Protein chains: 2
Amino acid sequence: MQDTAQKPAPERAYEAVIAKIRVMIEEKNLGPGDTLPPERQLAEIFNVSRHSLREAIRVLQEKGVLAARQGSGNYIQSATRGDLMRTLAVTTNTGSRRALEIFQLREILEPQLAALAAEMGEPRHIEMLEALLEKQGQTTDGIELRKIDHEFHETLAAATGNATLYELAKNINRSLLPPKTKIYDNRERQVISLEGHRKILDAIKNKDVEGAKAEMRAHIARVKSTVF
Amino acid sequence: MQDTAQKPAPERAYEAVIAKIRVMIEEKNLGPGDTLPPERQLAEIFNVSRHSLREAIRVLQEKGVLAARQGSGNYIQSATRGDLMRTLAVTTNTGSRRALEIFQLREILEPQLAALAAEMGEPRHIEMLEALLEKQGQTTDGIELRKIDHEFHETLAAATGNATLYELAKNINRSLLPPKTKIYDNRERQVISLEGHRKILDAIKNKDVEGAKAEMRAHIARVKSTVF
DNA sequence: ATCGTCGATTGGTTGCACCAATATTCACGC
DNA sequence: GCGTGAATATTGGTGCAACCAATCGACGAT
C-alpha cells in the first residue's frame with residue numbers, strides 16, 4: 001500500500017552524530033583550522049560505527065562545515081555557505097530601499113554570471129536554458145512567467161558550475177519576490193523579458209563571453225526601468 | 001608543517017557516484033516519485049562499495065534530491081524536474097572547491113564595489129579607509145594585519161552606501177578566513193597588500209571609477225596567487 | 001475473496017581489513 | 001650537533017560481509 005502519511009521520522013544514527021559534533025565544536029570552542037578527533041576515536045565516543053560517523057562527516061563536509069584531508073584529519077572550516085546567504089534571507093521585506101539595493105547587487109552579479117556561463121556552460125546547461133525559453137514563449141500566465149524567469153536566472157547561475165554562486169542567485173531571486181506584484185501582467189513586458197533572455201542565451205551558446213555580459217546588463221537595465 | 005596549498009582535489013568515490021546518479025536520472029528520465037535501483041545493485045553497477053554509494057545517497061538526501069525509506073527504496077524528492085536538474089548541476093563539484101568558489105565570488109564582486117565606492121563614497125568613508133591604511137602601515141603582527149585587511153574591504157563595501165552589499169561583503173570575508181594560514185607572515189606579502197590598498201584608495205579619492213575597479217581586480221588577483 | 005502470516009526485499013548499522021596520503025620518529029652521515 | 005631521508009605510525013578512503021529493522025509481496029488458511 002501507498003499511504004502518504006509520513007512516519008514520525010525515526011532519527012538516523014548519522015543525524016544524531018551531526019548534532020553531537022556540533023555540540024562538541026561548541027563546547028570545546030573549536031574554531032576554523034582546528035581538527036576534530038580521529039574518526040575511529042569519535043566513533044567510539046559517540047558509540048556508533050565508523051560508517052555512521054563518516055556519513056555525518058560527509059554531510060557536514062558538503063555543507064562546508066568541515067574539510068577532510070586524508071592522512072591528516074577533519075578540519076573545521078570557517079563560516080558555512082548558509083551563513084553567507086543569511087544576509088539576504090533574513091532581511092527580505094524591508095521596503096523598497098532594500099529592493100533597490102538588491103537590484104544593484106543583481107546589476108553587479110548577473111552580467112558576470114552570464115559571462116561565466118558562456119565560458120563554462122556545458123551542453124546540458126544550454127539545453128535546460130533552451131527548454132525554459134521555449135516554455136516561456138508559450139506561457140502567458142503572470143505567476144507562471146515569473147517562476148520561469150527565476151528558473152532561467154537560477155539555471156544560468158548553475159551553469160557557472162559554482163555552487164556558491166548558484167546559492168547566491170537563488171537567494172537573490174527569492175528575496176526579490178514582491179509577493180503579489182505581477183511584473184508580467186502586460187504583453188510588452190513579456191516580450192521584453194523573452195527577447196532579453198533570447199539574446200543572452202544566444203551569446204552563451206556562441207561562447208561569446210563579452211556578449212553575454214553585455215546582453216545581461218542590458219536586460220537587467222530594461223527590467224529595472226519597468227519595475228521602478 | 002602547515003601549508004595552505006590545496007591539492008589537486010583527487011575525486012572521491014562518492015563524488016563520482018553522485019555524478020553517475022545524475023546521469024542515470026537524466027538518461028532514464030526519472031522524475032519526482034520514481035525510485036532508484038536498490039543500493040546493492042547500484043553499488044555493483046557503479047563498481048563501488050555499498051559504503052561509498054551510501055555516502056553519495058546521504059549527501060543527495062541532505063540536499064533534498066532523494067528521500068530514503070527503509071524497507072522500500074530511495075525516492076526522488078525534488079519538487080520539479082527542473083529543480084532537480086539544477087541542483088544536480090552543481091552538486092557534482094564539492095568540498096575543497098569551496099574556497100575557490102568564494103574567491104570567484106570576490107573576483108566578481110569586489111572590483112564593482114570599489115567602482116561604486118569611487119562613485120558614491122562620502123568623505124567620512126574615505127577618512128576611515130585612510131585611517132585603516134595608516135594603521136596597516138604601522139602593523140606587523142599577522143593576526144592584526146588580517147583583521148585590518150578585512151576591515152578595509154568591509155569599509156569599502158560600506159562606502160557604496162548599499163547596506164546589502166556591505167552585509168554580503170562582510171560575510172564573504174568571514175567565510176573566507178583561511179584556517180590558520182598566516183597570509184601576512186612575511187614582509188613581501190605585507191607590502192603587496194599595503195600597496196594594493198594604497199592604489200585602490202587613491203583611485204577612490206580621485207573618483208576614478210575605472211581605476212578603482214582595475215586596481216581592485218589586480219589586488220585580488222595578487223592575493224589569490226599568494227593563497228593558492 | 002479476504003485476511004493474516006511468513007519469507008523476501010530493501011534501507012540502516014556494525015565490524016573488520018586493507019589502501020593511500022600524511023605526519024612523526026629516528027637512525028644515519030656529514 | 002644538525003639536517004636529511006627512510007622507516008613507522010597515524011589518519012582518512014574504500015571495500016566486503018554480516019546482521020538488524022522496516023516494508024513489501026506472495027502464499028495459504030479461512
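This is a predicted model, so every value here is computed, not measured. Order of the sequence lines sets the chain letters (A, B, ...), proteins ahead of strands, with each chain counted from 1.
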[X] [atom1] - [N] [atom2] separation (whole Å):
X	N	atom1	atom2	value
B/Y14	D/dG12	OH	C1'	13 Å
B/N47	D/dC16	CG	P	9 Å
B/R50	D/dA17	CZ	P	13 Å
A/L42	D/dT10	CG	C1'	15 Å
A/I57	D/dG12	CD1	P	7 Å
A/R58	D/dG12	CZ	P	11 Å
A/R12	D/dA22	CZ	P	9 Å
B/Y75	D/dA22	OH	C1'	12 Å

Just wondering, do [Y] and [X] contact through their side chains at under 4.5 Å, heavy atoms?
X	Y	value
B/I200	B/L129	no
B/L66	B/I76	yes
B/V48	B/Y14	no

Among B/R198, B/E110, B/H153, B/K199, find the one that has a side chain to side chain contact (heavy atoms under 4.5 Å, CB included) with B/H219. B/H153

Is any side-chain N or O of B/S52 closer than 4.0 Å to OP1 or OP2 of D/dG13? no

Below the 4.0 Å mark, does D/dT14 have OP1 or OP2 next to a side-chain nitrogen or oxygen of B/S49? no

Do A/L132 and A/H197 pass the side-chain contact (heavy atoms from CB on, under 4.5 Å) test, and can you show the C-alpha distance, the side-chain angles, and the key distance before you say yes or no? CA-CA 10 Å; A/L132 276 172; A/H197 288 182; over 6 Å; no

Relative to A/Y75, does A/R69 satisfy both conditions: NZ or CZ under 6.0 angstrom from the six-membered ring centre, and within 45 degrees of the ring's axis? yes

Could you give the distance from CD (B/E101) to OG1 (A/T164), rounded to the nearest 0.5 Å? 3.5 Å

Protein and nucleotides 5-10 of chain C: nitrogen or oxygen contacts under 3.5 angstrom:
from, atom 1, to, atom 2, distance (Å)
C/dT10, O2, B/G71, N, 3.4

Listed nucleotide nearest any side-chain atom of A/H51, set D/dG12, C/dT14, C/dG12: C/dT14

